[in-house]
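Data first, discussion second: the structure below is written as structure tokens.
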Amino acid sequence: MKNLKKVLAIFGLTAFVLLFNINVYANIIFNDVDKSNIAYSSIQKMSKMGIMLGDLQGNFKPNSYISKFEAIKILNSFINNQNINISESKYNNIVLNYDKKYNRWDSSANSSLVIMLESGLLKEEDLNNFIIIDKDNKEQVRALSKEEISLFLVKIEGKQDFVNTLNFEKVFKDEANINPNNLKACYYMDNLNIVTANANNYFYPKNAITKSELAMILDNFLNYTNINITSQYNKKYTNIQNLDNTSNIQTRFVIIEKIFIENNSIQVKIGNETKLYPVDKDAYIFIDDVSSKLGNINPNSSAEITIKDNIISKINIDTTLKINNVVQEETKLYGIIKNISNDTIGLSYKKRDDNGFYSKEKIDIIPLSSNCKITKNGITINNIEENTLATIILENKQAVEIILEDENTIFIGSIIEKSNNKITIKTTDNKIFEVGFIENANITRNSKSSSIKDLKIGDTVDINMQKDKISKISARGKKSKKQGIIKSIKINDTSSIIEIEDSKNNTYTYYTNNFTTDIYSIKVLDSVTLYLDSSEIYAIDILERKYNKNFSSEIIDIDLTKNSITVFNENKIPTSIFINNDTIIFDYETLENVYFNKLTKGEKVYVVLNDNMNNVASNINIVSK
């Protein structure tokens, strides 16, 4: 697909360097890096090569210190690791043990750490220097120092033995602060103007490196070295196996919108996307570096989350961090991707009409804008498959963004419509999807094994998807009864919507199956008791019937400006009948609700007045044409 294969935005974390296609010609605009920044050209170069990237909000954070975990993931791009099989590495379990030992260990760096150990760039004892325990007995993530980056680069170039044979005339005034085994590496990097001392000959070996400083160091290093970073970056690492228990690790900066304690899950917002993630029962949760629990998290908190196999393993909330996720109002469609072509995409979706009914499957062919982008989990990608759940954002009737759901995504929501083999769900973030079921799907209702027909409109559901079909659904609902006066009845070919008003003037909406409930035995203004299973009516008890003026007649005139029709009343006198927003117009021949402007002269109608004095109709039933 010509347009769909364009990578139009380069936002993400350094952990995902290998996931992006980079446009090496276009400048990358970061919110916090302008052309006056001394590191601007280096940041541009590193970003275009995919070595260092910004966050999901378009910020590079040039002045923030870079952790040793981040540095390892970045430097991994410089290593020829094609023949390393992580799953067979002796360092596999060693790294995992450190991961289990420290709450703040960055799991997304585990694979890179094994590669660095296998390549000889790290020693096993070096793993002790990634997390330190401070005086308050809190874990702190170590930042990368000038001394450490100097040694790493000498090792990456494969010149450590050679450098150790060299003699250097220059003497740093603070060389006593440098490990003697690393001293010549620091002199060598200074001599090449890659990692340098200041004008007064102080090297400051223990100083932490910022992101902008690392960009300049790597830029200078690439200008000197013969390492072909581009070809290594673009290699397909098909022979590298994921570290046991850390497959599909992702890190995200998000806004936590909702917390579901009962389901042990959270709903987060990433740019335009909303996602629901389960939280591991043993997840590490920190609020301002203090260990906490899920129930202490406030909605709209900015957080960094770590996700393992689509389950959150770590939540780190910084109450001073504000993530700008302001989304402009756009037209959004929710549905299933169909009919992909070069410049258009098909979407199967449900549309709600004015009477509250959802349409049968509707497939629209939507043109793609010239700058349409595809995102998944907040990351811009360049491919798309049919039968994928998606949100399409429209501007001027063109798709400007396609947001894809994970193949194994989960939803919390409620059932708002159902048919024989499909249900329509409304999720907690107001997405609406009509979905079917895989064969032998796991269906339970109120903790009992059930079938599709046992599910009820209004049920609260936890859903596990397998692409565009449900693999597991847990539904919850209960029986109840509601008493009130019927305000409106809306009928289609298979189901009806009934609105009732209780004694406190509160209005409620319920649903009924036309084939199991005698919908035609009730009338507007009937006082009733509805027997409910969730929001579905399974029985109706008519308590009292209020007889309003009603009569059969023929339409002799229609006035669209006054929203009225003229008919002969029961005394054969021409009378104006007024229609308002609550008037239900129903065609008994087509069994469909119709709009006022679709009425025609000569139609035989049965009129029920809601307001006898002002001749306002509650119902107009078209009996025959």
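FYI, the numbering just counts along the sequence from 1.
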Pairwise distance [atom1]([X]) to [atom2]([Y]) - rounded to 0.5 angstrom:
X: T507; Y: I500; atom1: OG1; atom2: CD1; result: 9.0 Å
X: I537; Y: T512; atom1: CD1; atom2: OG1; result: 5.0 Å
X: I491; Y: E592; atom1: CD1; atom2: CD; result: 12.0 Å
X: E501; Y: I486; atom1: CD; atom2: CD1; result: 12.5 Å
X: F586; Y: N619; atom1: CZ; atom2: CG; result: 10.5 Å
X: I402; Y: K376; atom1: CD1; atom2: NZ; result: 13.0 Å

Give the minimum heavy-atom separation between [X] and [Y], together with the two atoms involved.
X: I522; Y: I519; value: CG1-O, 3.2 Å
X: T274; Y: K269; value: CG2-NZ, 3.8 Å
X: I312; Y: A283; value: O-CB, 3.7 Å
X: I470; Y: V435; value: CD1-CG2, 3.6 Å
X: Y334; Y: N430; value: CE1-O, 3.8 Å
X: V567; Y: S553; value: CB-OG, 3.5 Å

[X] side chain to [Y] backbone, donor-acceptor under 3.5 Å:
X: E603; Y: T600; value: yes
X: D468; Y: T388; value: no
X: S576; Y: T566; value: no
X: N298; Y: S301; value: no
X: D364; Y: I366; value: no
X: S348; Y: I336; value: no
X: S618; Y: V608; value: yes
X: T444; Y: S447; value: no

Using a strict threshold of under 4.0 Å (side-chain N to carboxylate O), is an ion pair present between [Y] and [X]?
X: K418; Y: E536; value: yes
X: K487; Y: D582; value: no
X: K275; Y: D406; value: yes

Given side chains that start at C-beta, do those of [X] and [Y] come closer than 4.5 Å, heavy atoms only?
X: N264; Y: I261; result: no
X: T375; Y: L404; result: no
X: I622; Y: L599; result: yes
X: F286; Y: I315; result: no
X: R445; Y: D533; result: yes
X: F596; Y: I565; result: yes
X: K314; Y: Y284; result: yes
X: V268; Y: I255; result: no

If you look only at distance, which donor and acceptor atoms sit under 3.5 Å apart when one is on a side chain in residues 471-483 and the other is two or more places apart or in another chain?
residue	atom	partner	partner atom	Å
S471	OG	N464	O	3.1
R476	NH1	D462	OD2	3.2
Q483	NE2	T529	OG1	3.2

Practice task
Might you confirm whether atom CG of N506 has over 12 heavy atoms from other residues, nucleotides or ligands at distances under 6.0 Å?
Solution key: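 More than 12 within 6.0 Å, yes.
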Handout entry: Heavy atoms from other residues, nucleotides or ligands near NZ of K338 exceed 12 (cutoff 6.0 Å)
Key =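 Yes - once you tally the heavy atoms of other residues, nucleotides and ligands closer than 6.0 Å, there are more than 12.
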Exercise for the section: Show the numbers, then the answer: is there a side-chain contact (heavy atoms from CB on, under 4.5 Å) between F411 and L389? Expected result: CA-CA 12 Å; F411 294 123; L389 294 178; 3.8 Å; yes
Exercise for the section: Test N339 against every option in I345, I363, L347 by the side chain to side chain contact (heavy atoms under 4.5 Å, CB included) rule and name the one that passes. Expected result: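 Testing N339 for a side chain to side chain contact (heavy atoms under 4.5 Å, CB included) against I345, I363, L347 leaves exactly one candidate, I363.
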Practice task
Can you spot which of T306, I305, D282, I307 makes a side chain to side chain contact (heavy atoms under 4.5 Å, CB included) with S313?
Solution key: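 Option passing the side chain to side chain contact (heavy atoms under 4.5 Å, CB included) with S313: T306.
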Practice task
Assess whether side-chain contact (heavy atoms from CB on, under 4.5 Å) is satisfied between K490 and I584, documenting all intermediate values.
Solution key: CA-CA 7 Å; K490 301 173 183 179; I584 307 299; 3.9 Å; yes
Practice task
Verify side-chain contact (heavy atoms from CB on, under 4.5 Å) between V605 and N621, making sure each step is shown before the conclusion.
Solution key: CA-CA 5 Å; V605 293; N621 298 323; over 6 Å; no
Practice task
Assign the ring pair Y538 / Y531 to parallel, tilted or perpendicular, where the plane angle (0 to 90°) is split at 30° and 60°.
Solution key: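 Tilted, since the angle between the ring planes falls between 30° and 60°.
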Practice task
Starting from the C-alpha separation in whole Å, work towards a yes-or-no answer on side-chain hydrogen bond (donor to acceptor under 3.5 Å, both in side chains) for D459 and S534.
Solution key: CA-CA 6 Å; D459 278 354; S534 281; 2.4 Å; yes
Practice task
List the steps and the verdict of side-chain contact (heavy atoms from CB on, under 4.5 Å) for L368 and D343.
Solution key: CA-CA 5 Å; L368 304 175; D343 299 303; 5.5 Å; no
Practice task
List the steps and the verdict of salt bridge (Lys or Arg N to Asp or Glu O under 4.0 Å) for E405 and K467.
Solution key: CA-CA 8 Å; E405 300 288 343; K467 214 163 183 182; over 6 Å; no
Distance-only donor-acceptor hits, side chain of residues 420-428, under 3.5 Å, sequence neighbours excluded:
residue	atom	partner	partner atom	Å
T427	OG1	D429	N	3.4
T427	OG1	D429	OD1	2.4
T427	OG1	K431	N	3.0
T428	OG1	Q267	OE1	2.4

Handout entry: Polar side chain donor-acceptor pair, N580 to T583, under 3.5 angstrom
Key =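 Short answer, yes.
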Practice task
Please determine, by modelled atom types, if S265 and N263 share a side-chain donor-acceptor pair under 3.5 angstrom.
Solution key: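 On atom types as modelled, these side chains do not qualify, holding no pair under 3.5 Å.
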